[in-house]
Amino acid sequence: MKQWKSQNEDIEKEKNIFDIHNDEDELDYEATLKRRLAGPSVLKSGQESVDQERINEIIYEASKGSKYFEAEQKRDLELRMRIERVRQEVKEYYRKLEHNNAFQKEWAERTDQIDTYMQELQSCRDLSQVIVHVDCDAFYASVEELRNEKLKNIPMAVGKGVLCTANYMARKFGVRSAMPEFIAKKLCPELVVLPLDIPEYAVKSKEIQNLLLEYDQNLCPASIDEVYMNLTPYMNRNKLNKDEDTMQQVIMEIRNKVLKITGVSISCGIAANKLLAKIASNMKKPNDQYLVPIEAEVIEKFMSKLPTRRINGIGRVLEQELLGLDIETCGDILNNRTLLSYIFREKTFQNLIQCSLGIGSTIVQDFGDSYRKSIGCEITFSNAIASGGLLESKLQALCQSLAESLSKRDLIANSISVKIKTDTFQVHTRQKNLREYIFNDTDLFCEALRLLRMEYPLRIRLLGVRASKLTNKASYIASRIKFSKQNSVSCPVCRIDLKDDLAVVNQHIDLCLNTETVKKVIDNEKKEIPLKRKRNTIDAFFRH
DNA sequence: GCGGATCAC
DNA sequence: TATGGTGATCCGC
Ligand SMILES: Nc1ccn([C@H]2C[C@H](O)[C@@H](COP(=O)(O)OP(=O)(O)OP(=O)(O)O)O2)c(=O)n1
């Protein structure tokens, strides 16, 4: 806790420096905070007729004075300071570029290397596939409308406390995802807010996926309401020409079918890869489709005009950082490539370049649950809770529910983390790797409690627990049995000591687990395909 | 390896 | 009066 406080003091100091400024700064400062408070969904479709300026004003006024507001204000200030520092850095680079010969040379060499890297990327551009991104419209709200027809004609949203989504009727009022309910009601007093029913949405989601399987058996669900498909095999199988009209026609057929059979309208993006298909599905919404022609020149032109925020992975912060450098579009990114290579780290830089060229993966493959890296649960209390018995009982309940989730997926964990959010909206996590794999509620609670208690005294509004370094329980047990060479083994499930006699061990483990599962896992063990990153010319800059 | 920050949905 | 839950990734240290 001490360190957290001292960090805050630093920020306070800097804030004071910022407090001495002119009116122009003040206005500027309010403007960015207003944008931040507007939330991440400002550019969602369905708000074309909305006066964003007015909405942001209402949100700002409704938020003012709350602890949440204070926290956001602080975050906004930090971001603005970071952007200002980067701007100074850039000035320095440009100054050196004017006067410093050695630096000029370095800059030129770097530009050459980046260009080589870009050529490499372009030569690998895959235009042989037809990739489709399917995104359900206002998904949770659509499912609710199916259950109750009357909701179709009134502004409605789904969520509790904070909205998960709103139907298009509600969006006309500026109501959108991630907006707190009380502000939404201010914007639209007659708004109906329904509680969440995720299992129901999951059923609908599966129904849609099953329909789409006809077009790609390997389709890859990207979230509860999105799937990627590779349409190429379907087109080939049916001897369909891959011209634009035909592709549009097939997608039209898919959309009509999904709407007719499931009642949910979808929007589709058709393009050469997942990156472009995803962008495309957002271009025309709801209940529509958009095709990015599968030709290098058209793709490059399309990308060059595209605002950076449209690409998956560029959010509010990175967008602002780029705007701070006068970079608005992906074209601007390419034009400023050398500068950006100095400003951002390797991964971020490569991603910016790749996306700006419109290059993306064409692999559509469902890794399913085997790819999951962590699993957890968290809860926000109606009132902040201080250290003590009540808090610890909440942790216990969370651990119980985590144990259930693990058990349902047959997973065990080698690492655990506890998350807290203070009543001032500061988020912290404490993580610990474990000597053994754990999975039952008692062990989870025991480890989590240790982490939580180290942070006392506390006063928090949210508590969470998450398990990571996961492995399949059956495969773990199988490997433990195979490699066990000692006279006695401890049961990997309950840890009791057993004689090293396979029959005894098996019999015992039967109690903990079904042996068939273990055998199956041993047989299938080497199915995983490790993903290897290709080495690029550009790596040289970033290696030390 | 850990914790914070960012991002998506 | 009041701002969610789940999971992933990157970066600095
Ligand atoms: N901050 C968010 C955003 C979304 N969701 C949930 C509710 C949405 O219904 C679902 C799908 O999210 P999308 O971003 O695809 O948005 P919608 O489908 O709701 O609307 P759109 O028509 O704009 O795609 O995910 C959520 O819980 N929290």
Side-chain angles (χ1 to χ4, degrees), chain A residues 3-4 7 36-41 44 59-60 62-72 75 78-79 82 135-136 138-140 157-165 176-186 193 195-196 198 201-202 205 221-226 278 282 309 311-321 344-352 367 369 371-384 398 401-402 405 414-421 423-433 451 455 461-470 542:
Chain A
Q3 322 114 295
W4 303 344
Q7 271 177 7
R36 170 176 284 263
L37 288 168
S41 303
K44 276 251 149 197
I59 296 174
Y60 185 86
S63 303
K64 215 144 120 187
S66 68
K67 283 179 175 164
Y68 177 81
F69 180 90
E70 306 276 323
E72 287 299 286
R75 280 195 258 272
E78 280 173 84
L79 174 61
R82 213 168 60 230
D135 191 326
C136 301
F139 187 54
Y140 294 0
V158 183
K160 77 164 202 290
V162 171
L163 306 182
C164 283
T165 195
R176 54 199 179 219
S177 349
M179 181 178 275
E181 196 176 325
F182 80 95
I183 289 181
K185 283 265 173 65
K186 259 191 185 123
V193 180
L196 282 162
I198 307 243
Y201 313 145
S205 170
S223 76
I224 193 164
D225 84 322
E226 292 168 280
K278 167 94 184 165
N282 256 308
R309 184 63 191 278
I311 73 183
N312 206 349
I314 299 189
R316 278 184 294 171
V317 171
L318 190 47
E319 179 193 35
Q320 289 304 312
E321 288 177 345
F344 292 106
R345 293 306 113 215
E346 176 175 15
K347 274 281 195 308
T348 312
F349 174 72
Q350 291 190 357
N351 200 249
L352 286 176
F367 284 92
D369 245 17
Y371 191 65
R372 180 190 286 273
K373 300 242 169 78
S374 75
I375 180 164
C377 45
E378 59 191 61
I379 184 171
T380 295
F381 310 122
S382 42
N383 294 301
L398 285 168
S401 125
L402 177 55
S405 310
N414 196 227
S415 182
I416 188 167
S417 77
V418 165
K419 171 176 167 182
I420 60 178
K421 179 148 61 180
D423 55 353
T424 52
F425 289 87
Q426 310 238 337
V427 178
H428 303 284
T429 58
R430 288 293 175 260
Q431 192 221 336
K432 188 179 155 202
N433 288 336
L451 290 174
E455 305 306 322
R461 71 191 323 280
L462 171 147
L463 180 63
V465 56
R466 177 163 294 274
S468 52
K469 298 205 198 306
L470 303 176
F542 301 101

(request) Return the set of residues passing salt bridge (Lys or Arg N to Asp or Glu O under 4.0 Å) with A:K44 (not counting sequence neighbours), or none when no residue passes. (result) none
(request) Just jot down the salt bridge (Lys or Arg N to Asp or Glu O under 4.0 Å) partners of A:E319, sequence neighbours excluded, or say none. (result) A:R309
Atom-pair distance ([atom1] on [X]; [atom2] on [N]), nearest Å:
{"X": "A:N351", "N": "B:dC7", "atom1": "CG", "atom2": "P", "answer": "12 Å"}
{"X": "A:I420", "N": "C:dG4", "atom1": "CD1", "atom2": "P", "answer": "16 Å"}
{"X": "A:K44", "N": "B:dC9", "atom1": "NZ", "atom2": "P", "answer": "7 Å"}
{"X": "A:R75", "N": "B:dA5", "atom1": "CZ", "atom2": "C1'", "answer": "9 Å"}
{"X": "A:N312", "N": "B:dC7", "atom1": "CG", "atom2": "P", "answer": "11 Å"}
{"X": "A:K67", "N": "C:dT1", "atom1": "NZ", "atom2": "P", "answer": "14 Å"}
{"X": "A:R36", "N": "B:dA5", "atom1": "CZ", "atom2": "P", "answer": "11 Å"}
{"X": "A:F139", "N": "C:dG5", "atom1": "CZ", "atom2": "C1'", "answer": "17 Å"}

(request) Apply side chain to side chain donor-acceptor pair (under 3.5 Å) to A:K421 and list each qualifying residue two or more places apart in sequence or on a separate chain. (result) none
(message) Could you work out, with side chain to side chain donor-acceptor pair (under 3.5 Å) as the rule, every residue matching A:R466, not counting sequence neighbours?
(response) A:S374
(request) Pull out every residue in residues 176-186 of chain A that has a heavy atom closer than 4.0 Å to any atom of DNA chain C, ordered by number, or say none. (result)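 Within this stretch, A:A178, A:P180, A:F182, A:I183 sit under 4.0 Å of the strand.
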(request) Going 5' to 3' through nucleotides 6-13 of chain C, assign each nucleotide B (protein heavy atom under 4.0 Å from a base atom), S (under 4.0 Å only from sugar-phosphate atoms) or - (no protein heavy atom that close). (result) BBSSSSS-
(message) Once side chain to side chain contact (heavy atoms under 4.5 Å, CB included) is applied, do any residues pair with A:T429, and if so which ones, sequence neighbours excluded?
(response)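 Listed in chain order: A:K419.
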Which nucleotide wins on minimum distance to the side chain of [X], given the candidates [options]?
{"X": "A:V317", "options": "C:dG4, B:dT6, B:dA5", "value": "B:dT6"}
{"X": "A:Y68", "options": "B:dC9, B:dT6, C:dT3", "value": "C:dT3"}
{"X": "A:R461", "options": "B:dC7, B:dC2, C:dG4", "value": "C:dG4"}
{"X": "A:C164", "options": "C:dG4, B:dA8, B:dC7", "value": "C:dG4"}

(message) Suppose you measure atom P in C:dT3 against the same atom in B:dA8; what distance do you get, rounded to whole Å?
(response)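 Pairwise P distance, C:dT3 against B:dA8, rounds to 24 Å.
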Determine: side-chain N/O of [X] to OP1/OP2 of [N], distance under 4.0 Å, yes or no.
{"X": "A:S66", "N": "C:dT3", "value": "no"}
{"X": "A:N433", "N": "B:dC2", "value": "yes"}
{"X": "A:R82", "N": "B:dG4", "value": "no"}

(request) Starting from the 5' end of DNA chain B, give me the residue, A:P40 or A:K469, whose nearest nucleotide shows up first. (result)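 So the residue in question is A:K469.
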(message) Testing the 3.5 Å rule here: is there a donor-acceptor pair between the side chains of A:T424 and A:E70?
(response) no
(request) Report the residues that fulfil ring-ring contact (aromatic ring centres under 6.0 Å, His included) with A:Y68, sequence neighbours left out, ordered by chain and then residue number. (result)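 Here the qualifying residues are A:F425.
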(request) Just jot down the ring-ring contact (aromatic ring centres under 6.0 Å, His included) partners of A:Y140, sequence neighbours excluded, or say none. (result) A:Y201
(message) So does A:R36 get a backbone contact from the side chain of A:R316, meaning a donor-acceptor N/O pair under 3.5 Å?
(response) yes
(request) With A:K373 as the cation and A:Y371 as the aromatic partner, state whether NZ or CZ is under 6.0 Å from the six-membered ring centre and within 45° of the axis. (result) yes
(request) Assign A:I224 to base, sugar-phosphate, or nothing according to its heavy-atom contacts below 4.0 angstrom with the strands shown. (result) nothing
